[in-house]
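In what follows, a structure is listed as structure tokens, so that the remarks can point back to it.
In listed order, ligands and their atoms are each counted from 1. FYI, the numbering just counts along the sequence from 1.
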Amino acid sequence: MKLLKNKALIDGRWVDASGGGVFAVVNPATQENLGDVPDMGKEETLLAIAAASKAFKDWSSLMPAKRAEILKNWAKYIEEEAESLAVLLTSEQGKPKGEAISEIMSCVATLRWCAEEGCRLYGEFIEGAKPGTKIIISRHAIGVVGAITPWNFPASMVVRKIAPALAAGCTVVLKPAEATPLTALALGELALQAGLPKGVFNIVTTSNPKLVGEALTSDVRVRKISFTGSTRTGKILMKQAADNMQKLSLELGGNAPFIVFPSADLDKAVAGAMASKFRNAGQTCICANRIFVHQDIYQSFLDRFMTAAGKLVVGNGLEKDVSLGPLINIQAIEKIEQMIDSAKKAGAEVLMGGKRHALGKTYFEPTVITGAPLSCSLATEEIFGPVAALYTFKTEEEVITLANDTPYGLSSYIYSENIGQVWRVSDALEFGMVGVNEPFLANDLAPFGGVKESGIGKEGGKYGVMEHTNIKYRLWG
Ligand code: NAP
């Protein structure tokens, strides 16, 4: 397979683990071994931190326009290799190739946006409080960033961290997910080809994330931890990072309400719910987790939603026309089986699917469930699978209360053509993001991120780049 690397990237060199250990990367669609990658630990992480720390001085003092030129060059290389990267991504992660191409192209856009934004890190000048004094405010790259990413978006989760960090002048040590390191390594190869200096972007692969996480958080040279993954791991890293007072960006789990009001354009709402629920086989942090439909339109919505879900084609994401790939591993299947089982015991009705797909392995049937009590794990936890759970509501006040009744606060969605209602409800939702008649919240321009237990900080837009800077203020007397 093109761009397949089986070494890690430290200080511009492709290297093995010091003890020679490796772990296998498995294709979830076929269960074939795609290749072995180095199984690294503390020793190699320290080498990567040392390389990033050494590279920081030169990289952070380059003119922003020069950094932008390299990042744009990297974007060009990625764009040229979009097809090969998408094949690699689908092979290790499972999503349909069309979705993989979109993910790769989002990386191209992110790099271009951040390259430009890095040139606009303006300071401020303020007349001082005492006569004759001046206040000068400037932004400075924060230092070495330790980045840890999940498996569900093996390319865009990486680039959404690396691009703003590099644009701001930071250097990076990345630990990609154990299940999907190959796309990250391929991106590293293209970064080198694009002229990124050695040590600026390092990649440490491991099957022991705890060791690498501890090495990153216990080293004073690492000034920021940028993590995307579960709330559970985010809390562990936050505690660890406290000892060295490292700055944190945490993009964590969600439990998105998807609310459909009577005035909604039903075709648009069904298309939005389908995209939000079944993209990446339901394995996105912003997936619709609880679909609330007003009782007056519930039956029409359900009928159309069932028709649309019935058209999903399950299979290997590399095959033409497949719209629903496998889940990442067998644990993911077991987790949703338990959720469905307990919902059924509590009185829920499975209208479609509800079981493993005839293709075997980690394939699961698209599933539609109604009548589950909101106390079920289907409603209280992230489903992270192709399971749509629908609920009804009567009033706006009731659905706002239900939607906010979760410790998470990442994404939320409302479908309504009533403008007053859109303002009221979007104001009242305790979430970092609200999609109004729109399911695709992630883009380069916008500040992506959650509140409550969904995290701290923003990725995307000018905010993502700024998160990688410290503000310095000079008082001029
Ligand atoms: P996870 O188990 O927390 O893993 C995420 C990353 O953290 C992986 O690289 C993992 O390594 C690593 N990790 C695990 N334990 C660690 C530790 N003790 N110290 C340091 N690193 C550690 O999450 P996941 O199951 O891979 O990803 C799914 C979760 O990510 C969901 O909750 C989803 O909502 C969330 N997510 C959030 C966003 C967002 O933007 N808010 C985006 C995508 C996903 P291994 O791969 O080796 O386990």
Item to check | Nearest non-hydrogen partners of K7 and V15, listed with the distance | outcome: CB-O, 3.4 Å
Next on the checklist: Quick check: closest heavy atoms across F201 and A191, and the distance to 0.1 Å?
Outcome noted: CD2-CB, 4.2 Å
Next on the checklist: Taking 4.0 Å as the limit for heavy-atom contacts, which would you say applies to E459 with ligand 1: side chain only, backbone only, both, or neither?
Outcome noted: neither
Item to check | E92 versus T183, side-chain donor and acceptor atoms under 3.5 Å | outcome: yes
Item to check | Protein heavy-atom partner closest to atom 20 (C) of ligand 1 - residue, atom, separation in Å | outcome: P209 O, 3.4 Å
Next on the checklist: Are there over 12 heavy-atom neighbours, none belonging to K335, within less than 6.0 Å of that residue's NZ?
Outcome noted: yes
Checklist entry - Can an N or O of E382 be found at a distance shorter than 3.5 Å from an N or O of ligand 1? => result yes
Checklist entry - Looking only at N/O atoms, are G213 and ligand 1 under 3.5 Å apart anywhere? => result no
Checklist entry - Does ligand 1 have any atom sitting under 4.0 Å from a heavy atom of F153? => result no
Checklist entry - Nearest protein heavy-atom contact for atom 24 (P) of ligand 1: which residue, which atom, what distance? => result W151 NE1, 3.5 Å
Checklist outcome for this item: min-distance protein heavy atom vs atom 27 (O) of ligand 1 -> P150 CB, 3.5 Å
Item to check | Minimum-distance pair of heavy atoms, taken over all atoms of L88 and L182 | outcome: CD2-O, 3.6 Å
Item to check | Top protein contact for atom 15 (N) of ligand 1, by heavy-atom distance | outcome: T233 CG2, 3.5 Å
Checklist entry - What's the shortest distance from atom 36 (N) of ligand 1 to any protein heavy atom, and which residue and atom give it? => result C285 CB, 3.5 Å
Checklist entry - Quick one: does N255's side chain get under 4.5 Å of E381's, heavy atoms only? => result no
Next on the checklist: Heavy atoms only, cut-off 4.0 Å: how does I286 contact ligand 1, side chain, backbone, both, or neither?
Outcome noted: neither
Checklist entry - Does atom CE of M238 have more than 12 heavy-atom neighbours from other groups under 6.0 Å away? => result no
Checklist outcome for this item: Nearest heavy-atom approach of A82 to I101 is O-CD1, 4.1 Å
Item to check | Identity and distance of the protein heavy atom lying nearest atom 7 (O) of ligand 1 | outcome: F227 CE1, 3.2 Å
Checklist outcome for this item: The option among K175, M157, E178, E251 carrying the non-hydrogen atom nearest to atom 10 (C) of ligand 1 is K175
Checklist entry - Which of the atoms of ligand 1 are close to L410, meaning less than 4.0 Å from one of its heavy atoms? => result 41 (N)
Item to check | Shortest protein contact, atom 12 (C) of ligand 1 (heavy atom only) | outcome: I148 CG2, 3.7 Å
Checklist outcome for this item: ligand 1 to T228, heavy atom cutoff 4.0 Å, flagged ligand atoms 5 (C), 36 (N), 37 (C), 38 (C), 39 (C), 40 (O), 42 (C), 43 (C), 44 (C)
Item to check | Top protein contact for atom 44 (C) of ligand 1, by heavy-atom distance | outcome: N152 ND2, 3.4 Å
Next on the checklist: Going by a strict under-4.0 Å cutoff (protein heavy atoms only), does atom 32 (O) of ligand 1 have a neighbour on the protein?
Outcome noted: yes
Checklist entry - What is the ring orientation for F384 with W151, classed by angle as parallel under 30°, tilted 30 to 60°, or perpendicular over 60°? => result perpendicular
Checklist entry - Hey, what's the ring geometry for Y391 with F292, parallel, tilted or perpendicular (30° and 60° as the breaks)? => result tilted
Next on the checklist: Show me which atoms of ligand 1 lie under 4.0 Å from any heavy atom of G253.
Outcome noted: 32 (O), 34 (O)
Item to check | Side chains of Q338 and E334, donor plus acceptor under 3.5 Å | outcome: no
